[in-house]
Protein chains: 2
Amino acid sequence: MTIKTKNTNTETDILNAAKNVFQRKGMDGARMQEIADEAGINKALLHYYYRSKKLLFEAVFKNAFKLLAPQLNNVLNDDSDIFEKIKNFTDSYISFVLKHPYLPNFIINELNRNPEFAQKLTEDKHFPSFEKFKKQINDCITAKIIRPLTPEQLFINIISLNAFPFIAAPLLKGLADISDKEYNVLIEKRKNEVAEFIINAIKL
Amino acid sequence: MTIKTKNTNTETDILNAAKNVFQRKGMDGARMQEIADEAGINKALLHYYYRSKKLLFEAVFKNAFKLLAPQLNNVLNDDSDIFEKIKNFTDSYISFVLKHPYLPNFIINELNRNPEFAQKLTEDKHFPSFEKFKKQINDCITAKIIRPLTPEQLFINIISLNAFPFIAAPLLKGLADISDKEYNVLIEKRKNEVAEFIINAIKL
DNA sequence: AAACGATTTAACTAAATGGTTAACAAAAGT
DNA sequence: ACTTTTGTTAACCATTTAGTTAAATCGTTT
């Protein structure tokens, strides 16, 4: 068994550098030279590992989505009851994004600029399915545990309340006149408050 | 009084073309040639009216924000009582974005890529102020009309629920397995449902 | 030591891109 | 009428950019 540490390292170094640059600047704003610099290698080696900018970008994007998908599955495919699920999801999602601050914006952004991407994603075997969540919500409504509303709307609301504060951070900070430090405190509190908010909105 | 129709038309033609291209492709993805084509003029004329890509972009961005600001003022600086305000805002905001689908994503996006922009915006005289809303919410809490929560969190929730479904449309369509047509129907329903959702969440 | 893969260097290409120039046309001012 | 200003164009320029190539170096394996 040969030690291919050096080999493997550069490859992930590149991927990591590319992630940083792409997430900061987007596909169009990113420069191959900048990625090479950030990875501590030269531009030729980039093309040695990933033939083109497009392929490198796709690798980064797939990686990013692979990271996000399990988070979404916390709400779509999890066995806990609806209120627990909402609590768990908000807490874990906010923790997750605090660790990967550029990720949601990156994904949403490139998905907007490239809607065929979304199409391709859904065709993937590992793409989260909506069915289980749909059934759970409809069952809760029948059992009069929550107010009647379509699963789709509830899902959109849950994701909106959790994801938007990160995506629109600069705007919201400006509008609500909050400093960076205060904003972080506020986000931290949302781990509980968002769940409460949603539960109050739907509980019967 | 001379008729400067021709003059004025090309200038706004450019601004309009630039708006379309910038909102579709972003600052980095947009090409001056494409803007010129869309405006039906020569590239040199772009630089005649707006000296550089940067200046043209800033003109487009300011215009976009000027369009959005009054919407935000519907929630921040309006005299109606809190429940009416929420209903009015969701209805009018959703109608507004249906007319300008690319606008929220454009603003949030470029604000993320360029956080100094946000700083500059807040310094503008016409930038919405948060004070009135803050007082209103705190008064409602004291009067036991709504549950206790900070005005900032409520504000973030309101904006999130209204704006995110547009910004993340491709992702949400994919996740909840909704066609474009169905999604529009769903958005239309949100004009009422989002307001209900929020009011249920906060009403005592 | 030969062979191999990983990596660097450095020069290069071809296309795209933002921006300029100079000349021309059309209005407006005199 | 003619001069000045404003609007518009085609051709051009300088720079940037993704991507290539070919030769050299270095480390590991055989």
Side-chain angles (χ1 to χ4, degrees), chain A residues 1-63 106 109-110 113-114 116-117, chain B residues 1-63 106 109-110 113-114 116-117:
Chain A
M1 192 66 218
T2 59
I3 309 170
K4 290 226 293 177
T5 42
K6 206 166 185 191
N7 172 357
T8 332
N9 275 345
T10 26
E11 193 164 345
T12 59
D13 280 357
I14 291 175
L15 216 56
N16 204 46
K19 182 201 76 185
N20 290 336
V21 177
F22 277 134
Q23 292 194 3
R24 277 201 311 264
K25 311 237 171 142
M27 167 69 170
D28 294 323
R31 297 288 158 251
M32 292 299 266
Q33 185 59 59
E34 193 180 349
I35 294 173
D37 291 347
E38 180 129 352
I41 56 157
N42 64 13
K43 198 164 53 103
L45 203 56
L46 276 185
H47 289 90
Y48 180 76
Y49 280 99
Y50 300 86
R51 282 212 328 284
S52 68
K53 188 182 184 183
K54 204 183 162 201
L55 286 174
L56 179 53
F57 178 81
E58 281 172 14
V60 169
F61 187 86
K62 272 179 202 154
N63 259 2
F106 173 67
N109 222 334
E110 302 298 339
R113 196 137 311 160
N114 222 359
E116 323 96 69
F117 251 50
Chain B
M1 195 63 215
T2 60
I3 309 169
K4 291 224 291 176
T5 40
K6 204 165 186 190
N7 170 359
T8 332
N9 274 346
T10 25
E11 194 164 345
T12 57
D13 279 359
I14 291 175
L15 214 57
N16 204 46
K19 183 201 74 184
N20 290 336
V21 177
F22 277 133
Q23 292 194 3
R24 278 201 309 264
K25 311 239 173 143
M27 167 68 171
D28 294 323
R31 296 292 159 245
M32 293 299 267
Q33 186 59 59
E34 194 180 348
I35 295 173
D37 290 348
E38 180 131 352
I41 54 154
N42 185 288
K43 192 164 59 104
L45 204 54
L46 282 183
H47 291 89
Y48 177 78
Y49 282 100
Y50 301 85
R51 281 211 331 281
S52 68
K53 189 183 184 183
K54 204 182 161 202
L55 286 173
L56 178 54
F57 176 82
E58 281 172 13
V60 169
F61 187 86
K62 273 179 201 153
N63 259 4
F106 172 67
N109 222 334
E110 302 298 338
R113 196 137 308 160
N114 222 358
E116 324 95 70
F117 250 51

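Computed from a predicted structure; not experimentally measured. The figures here come from the full heavy-atom set of this structure, side chains too, leaving out hydrogens, waters and symmetry mates. All chains are named by letter (A, B, ...) in the order of the sequence lines, taking the proteins before the strands, and each is independently numbered beginning at 1.
Separating the NZ atom of B/Lys43 from the C1' atom of C/dA16 is a distance of 10 Å, rounded to the nearest angstrom. Between the CD atom of B/Glu34 and the P atom of C/dG18 there is a distance of 10 Å, rounded to whole Å. For B/Met32 and D/dT16, the CE to P distance is 17 Å, given to the nearest whole Å. When rounded to the nearest whole Å, the span between OH of A/Tyr49 and C1' of C/dA6 equals 6 Å. Straight-line distance from the CG atom of A/Asp37 to the P atom of D/dA18: 12 Å, rounded to whole Å. At whole-Å resolution of the value, CD1 in A/Ile41 and C1' in C/dT9 are 13 Å apart. Between B/Lys54 atom NZ and C/dG19 atom C1' the separation is 16 Å, expressed in whole Å. Note: CG (B/Leu55) to P (C/dT20) measures 11 Å, nearest angstrom.
Checking C/dT20, C/dT8, D/dG19 against every side-chain atom of A/His47, the shortest atom distance belongs to D/dG19. For A/Arg31, taking side-chain heavy atoms from C-beta onward, the closest of the listed nucleotides D/dT17, C/dA6, D/dG19 is D/dT17.
B/Thr12 and B/Asn9 make their closest contact through OG1-O, 3.1 Å (heavy atoms, listed as atom of the first residue, atom of the second, distance). When all heavy atoms of B/Leu15 and B/Ala59 are compared, the pair lying nearest together is CD1-CB, 3.9 Å.
Between B/Gly40 and A/Asp28, the residue anchored nearer the 5' end of DNA chain D, judged by the nucleotide with its closest heavy atom, is B/Gly40. Where A/Gln33 and A/Ala44 each meet DNA chain D at their nearest nucleotide, the meeting point lying more 5' is that of A/Gln33.
When heavy atoms are screened at a 4.0 angstrom cut-off, B/Leu46 is found touching no nucleic acid atom at all. Within 4.0 Å (heavy atoms only), A/Ala30 reaches sugar-phosphate atoms of the nucleic acid but no base atom.
Look at B/Tyr48 and you won't find any side-chain N or O under 4.0 angstrom from OP1 or OP2 of D/dT8. For D/dT8, the OP1/OP2 oxygens have no side-chain nitrogen or oxygen of B/Asn42 closer than 4.0 Å. Applying the 4.0 Å criterion to OP1 and OP2 of C/dG18, one finds that B/Ser52 has every side-chain N and O outside that range.
With hydrogens and angles ignored, the 3.5 Å screen pairs no side-chain donor or acceptor of A/Glu11 with any backbone N or O of A/Tyr49. A donor-acceptor pair is defined here as one N or O able to donate and one able to accept, closer than 3.5 Å; no such pair exists between the side chain of A/Asn16 and the backbone of A/Lys19.
Note: A/Phe57 and A/Phe106 have perpendicular aromatic rings, judged against thresholds of 30 and 60 degrees for the angle between ring planes.
Not a single donor-acceptor contact under 3.5 angstrom links the side-chain atoms of B/Lys53 to the base of C/dG19.
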